[in-house]
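Some notes on the structure that comes next.
Naming: A, B, ... by sequence-line order, numbering from 1 per chain. These values consider heavy atoms only, across backbone and side chains, with no hydrogens, waters or symmetry-generated copies.
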Amino acid sequence: MKTGDHLFLVDGSGFIFRAFHAIPALNRKSDGLPVNAVSGFCNMLWKLLRDARNTDVGVTPTHLAVIFDYSSTTFRKEIYPLYKANRSAPPEDLIPQFGLIRHATRAFNLPCIETEGFEADDIIATYARAAEAIGADVTIVSSDKDLMQLVTPNVHMYDAMKDKQIGIPDVIEKWGVPPEKMIDLQAMTGDSTDNVPGIPGIGPKTAAQLLEEFGDLETLLARASEIKQVKRRENIVANADLARLSRQLVALRTDVPLELGLEELVLEKQDGPKLIAFLKAMEFTTLTRRVAETCDCDASAIEPAEVPVEWGATAHGPDLDPGVAEGQDAEAPKAATASAKPASASSADGARAMDLAAQRHEAFSGHKIDHASYTTIRTVENLKLWIAAARETGIVAFDTETTSLDPMQAELVGVSLAIQDNTQQPNANEIRAAYLPLAHKAGADDLFSDGVKLVENQVPMAEALALLKELLEDPSVLKVAQNLKYDYLVIKRHGITLRGFDDTMLISYVLEAGAGNHGMDALSERWLGHTPIAYKDVAGSGKSAVTFDYVDIDKATAYAAEDSDVTLRLWLTLKPRLAAAGLTRVYERLERPLVPVLAHMEERGITIDRQILSRLSGELAQKAASFEDEIYELAGERFNIGSPKQLGDILFGKMGLPGGSKTKTGQWSTSAQVLEDLAAQGEPLPRKIVDWRQLTKLKSTYTDALPSYVHPETKRVHTSYSLASTTTGRLSSSEPNLQNIPVRNAEGRKIRTAFISTPGHKLLSADYSQIELRVLAHVADIPQLRQAFAEGIDIHAMTASEMFGVPVEGMPSEVRRRAKAINFGIIYGISAFGLANQLSIERSEAGDYIKKYFERFPGIRDYMESTKAFARENGYVETIFGRRAHYPDIKSSNPSVRAFNERAAINAPIQGSAADIIRRAMVQIEPALAKSGLGEKVRMLLQVHDELIFEVEDEAVGVAMPVIVHTMENAALPALELKVPLKVDARAASNWDEAH
DNA sequence: AGCTAATCCTA
DNA sequence: GTAGGATTAGCTA
């Protein structure tokens, strides 16, 4: 071996465990022998030897060895008998594969190395250091953190599962310390799988922080008395010896006696026939073929090798899918009981909910949800039969299965359908459901498998979509789905525009906003007394999770068909209740028509300028760093400024600043309010903390996060709007939330300049002025407010003038500011406590203001009292359009819970009515634009509660603006004539900051 | 890996 | 004082 050579050290023992868990165990030989880990191992080796240059390693090896653990008595057990003592026996299916994997290594003509008394890691360490000393490069094929201590500029690791190289920066990124400090870090954190004790209470973060501060473990132990945190200090002092012992356990030995020298690891020529004989014995057909092609051998002429197998225990058949059998249905009545609001103070409500659930369950009890009754649609003929049946009954529940929760990224994998089968008996609640798999795959698209294949016997995607299109676009057949906006977008991206639909989530939301969530699982529990199969039970969770296209089709059928089945049952249960509660209009005017409107907005997205954000990010980072230096200087030590806990200890513990208050968990509060108060007393540090927080907030939440939401194909940011997650009727926005982009100060507003229009277009922002106060003036019917809005005078100045008797002309800004705070306070269900906080005045003074306000505007007090009474009486309040917001805890015996619910109930009709108005505007806007010939020139992109943002062709701005303003200002009509006018301000510019 | 608390951004 | 969502830290499983 010489300089420039490249030694690969494959951690065979590590690989076999990871491959075993990562690759589904259905991978068996025809005689039932499990070979999943061996298969992964062979594929990995083959790719590494054949096309390592196409992987993230980028080089082909000149030398290679596969290293294994040998027996269990190692030197570590001698120093610490408990080492690896909590290891349980390996899984039964893995045991025969230990031997096979060694056979595989030899079949590849590779050295298979194990040394008694040492672990594979020590052997790897010894070879790595030896090779490095000669000047060779080393790649350790493993992702085990125990080996990361070996990484140097010349020694890399390679994660074969993820095809990812691991170098010094990667170690630092993952663990916060460079490779040479990994030993100390692991000594402190310990390792529960190997039973390395470590120091209790110290995790990777703390360990990295301590190492940063003290340099290494010995220094830390020597200077432990300097650690401020009492518990931490005590732990470290008490466990110093344990830490030193742990260090011995995790430090790898580099002096293992080697049977084979480096020279002997040189890569031998492949022995084609020998390898093929082994692969044939394992029945790895794809790899056999590939090897035969590469080596130019005739595979059929080679006999499978005789490979002895050491079975650890008797093999068993494949597991049945757990938890999907009848057992759950038998449990259903109990589930219904458990879901009946146990925390609610109103036991009557609870009892009623229980009754309803029980009744529903009764109604369906003769027709239990039965996974065995579901069918899989495998042929075009069968699909046609289902579509015909759906047309026959006129109602079909459907659900799309995809690869992602993001409808803009999701790839369609399958569709489930459910219909009422009333061919035998009219009105029977018999439901038939089926799953149509379209793009299920097998295998894996990674280094260690045979590659991906489409599973056989699936209806071709294009053909299925063409058939479904006719059904889904036909308004005379009602399509029912849960959270339908998602499915709408997924199929829209396949050229299908859904027409004629109902959404069970939205029906539930209209019926019960504020009383529990409206997800399918919750609704199924609540109304059907049935717990659907959990998604993670079919697709796994955490690192073993797979996308739906890799779910076995039988399992997928049970899961997907059940979703449609449950959706149809929910629809049958909930839809009639809308009319019974008089809520049909709310659903049909304010909810359902918004689905396509929002779907289109999400689909359009908005352009952001990444350059602006990246420049801002750099500036913020610089400024934040200089603040950090000053903060450490003032504090006299380094600490995590972002940790309120550590910050509180510094400010109120170490520095002993006065005026600290505690949060509800007893921590020191370090809120901006508290820090501002300290700064006002002349303390320099708190001001800097406030500024630092602002900078890091902008950086992490906006400049750094937003670019990661740019869609790879559209190059735009597509937020997701939730129609059913607020109690009041507002929308919410997430991933990213575009309803909280900074606007209140100059630094933050720079973020808005990054939201830009496409060339040839402007962004047009139109927002309602004072919409909530106008709604208040309407619902509480306050003469002075109505008059002020009618005449267009400054509403806060008018309020101040009424309250304090100061003329509007030449009013001091402070007086107006107070009146403004009171006006907002009213909308929020005012309390003296809250107003006092807002204005930094005494509670008694705030109380006096409120008293005065009510004297001048008695109608407002009447409104607040009658709203509370209505809420107590009915358990909900209503907006001016009849939308309901439920407050089940309004009768709570806990005064603060009760008061909170009362304030929310006062606010809901105001906030909710305003939300209804803008919903109506959003529904009306597209037809209004189309009528003015602007359909193609104006696109609505965003909604921010009282603001709508459009992208408008340059030359259409002048025409579009009055149409938009007019539509928004008259959005309540014709349903309702408001007693005050609505006012909308609009501007257009090339970015959101200037348009707003 | 998944949860809660604290904080801070919006209307 | 109302209504949301995202990030980070720090803990538990």
Side-chain angles (χ1 to χ4, degrees), chain A residues 192 201-206 209 513-514 536 541-545 640-648 662-675 689-690 693-702 704-706 709 719-722 725-745 747-749 751-752 767-768 770-772 776 821-839 843 846 850 864 885 896 899-912 914-915 918 942-947 996:
Chain A
S192 57
I202 307 280
K205 297 284 167 199
T206 316
Q209 188 207 320
K536 66 174 190 335
S541 68
K543 91 176 172 101
S544 60
N640 182 348
I641 310 170
S643 161
K645 195 160 168 272
Q646 295 182 30
L647 178 61
K662 298 280 181 81
T663 67
K664 64 169 178 264
T665 52
Q667 288 292 314
W668 290 111
S669 169
T670 65
S671 64
Q673 183 67 60
V674 169
L675 298 180
I689 304 279
V690 170
R693 275 190 186 163
Q694 198 207 341
L695 297 169
T696 52
K697 173 80 179 180
L698 290 175
K699 182 163 155 30
S700 67
T701 310
Y702 302 105
D704 292 353
L706 278 173
Y709 288 103
T719 183
S720 171
Y721 287 105
S722 170
S725 59
T726 72
T727 304
T728 56
R730 274 190 175 181
L731 305 180
S732 75
S733 153
S734 61
E735 290 179 304
N737 180 358
L738 294 185
Q739 292 180 323
N740 72 345
I741 303 302
V743 72
R744 288 183 187 168
N745 63 58
E747 195 71 36
R749 274 223 301 279
I751 310 280
R752 289 202 172 211
D767 69 297
Y768 283 105
Q770 313 275 19
I771 188 168
E772 294 191 346
L776 175 69
I822 296 169
N823 277 334
F824 273 105
I826 294 295
I827 290 169
Y828 297 153
I830 202 154
S831 76
F833 179 84
L835 184 62
N837 261 340
Q838 178 67 31
L839 287 174
R843 190 161 347 163
I850 293 168
M864 293 173 82
S896 67
F900 177 80
N901 277 271
E902 287 174 352
R903 289 193 299 271
I906 288 167
N907 171 257
I910 303 169
Q911 190 186 111
I918 197 164
L942 303 178
Q943 189 252 41
V944 191
H945 307 310
D946 65 359
E947 177 188 13
H996 183 73

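Annotation: side chain of E947(A) is in contact with side chain of H996(A) (closest heavy-atom distance under 4.5 Å). Counting heavy atoms from C-beta on, the side chains of Y828(A) and R903(A) never come closer than 4.5 Å. Taking the side chain as every heavy atom from C-beta outward, T670(A) and R693(A) approach each other to under 4.5 Å.
Regarding contacts with the backbone of dA9(C), a side-chain N or O of N640(A) is found under 4.0 angstrom from either OP1 or OP2. Considering only side-chain N and O atoms, S725(A) lies nowhere under 4.0 angstrom from the phosphate OP1 or OP2 of dG4(C). Using a 4.0 Å cut-off, some side-chain N or O of T727(A) falls inside it from OP1 or OP2 of dG4(C). At the phosphate of dT7(C), neither OP1 nor OP2 sits under 4.0 Å from any side-chain N or O atom of S700(A). Taking side-chain N and O atoms only, R903(A) has a distance below 4.0 Å to OP1 or OP2 of dT2(C). At dA3(C), none of the side-chain N or O atoms of T726(A) fall inside 4.0 Å of OP1 or OP2 (strictly under the cut-off). Applying the 4.0 Å criterion to OP1 and OP2 of dT7(B), one finds that T670(A) has a side-chain N or O inside that range.
In this entry the distance linking CG of N745(A) with P of dC9(B) reads 8 Å, nearest Å. One atom, OH of Y828(A), and another, P of dG1(C), lie 12 Å apart when rounded to the nearest Å. If you measure from atom CD1 of I751(A) to atom P of dC9(B), you get 11 Å, rounded to the nearest angstrom. A straight line from CG of L698(A) to P of dT8(C) spans 13 Å, rounded to a whole angstrom. Summarising the geometry, the separation between OH on Y709(A) and P on dA6(C) is reported as 6 Å, rounded to the nearest angstrom. At whole-Å resolution of the value, CG in L695(A) and P in dC9(B) are 11 Å apart.
Among dA6(B), dT10(B), dT8(C), the nucleotide with an atom closest to any side-chain atom of P742(A) is dT10(B). With distances taken from any side-chain atom of K645(A) to the nucleotides dG4(C), dT2(C), dG10(C), the minimum falls on dG10(C). Nearest nucleotide to the side chain of P644(A), out of dT2(C), dA6(B), dG4(C): dA6(B). For K697(A), counting side-chain heavy atoms from C-beta on, the closest listed nucleotide (dT8(C), dG4(C), dG5(C)) is dG5(C). Side chain of T663(A), nearest nucleotide from dT10(B), dG10(C), dT7(B): dT7(B). Comparing dA6(C), dG1(C), dC9(B) against the side chain of S734(A) picks out dA6(C) as the nearest. Distance from the side chain of N907(A) is smallest to dA3(C) among dG1(C), dA3(C), dA6(C).
Within 4.0 Å (heavy atoms only), A836(A) reaches no atom of the nucleic acid at all. Heavy atoms of L835(A) sit under 4.0 angstrom from at least one base atom. Using a 4.0 Å heavy-atom criterion, one finds that F824(A) contacts no nucleic acid atom at all. Among the protein residues, E772(A) comes within range of no part of the nucleic acid, since none of its heavy atoms lies under 4.0 Å from any strand. Nucleic acid contact class of A672(A) (heavy atoms, under 4.0 Å, all strands): sugar-phosphate only.
With the nearest nucleotide of DNA chain C identified for both R730(A) and P736(A), R730(A) has the one nearer the 5' end.
Side chains of Q694(A) and N745(A): a donor-acceptor N/O pair is present below 3.5 angstrom, by distance only.
In this model, a side-chain donor or acceptor of R744(A) finds a partner on the base of dA11(B) within 3.5 Å.
Between the T719(A) side chain and the P736(A) main chain, a donor and an acceptor come within less than 3.5 Å of each other.
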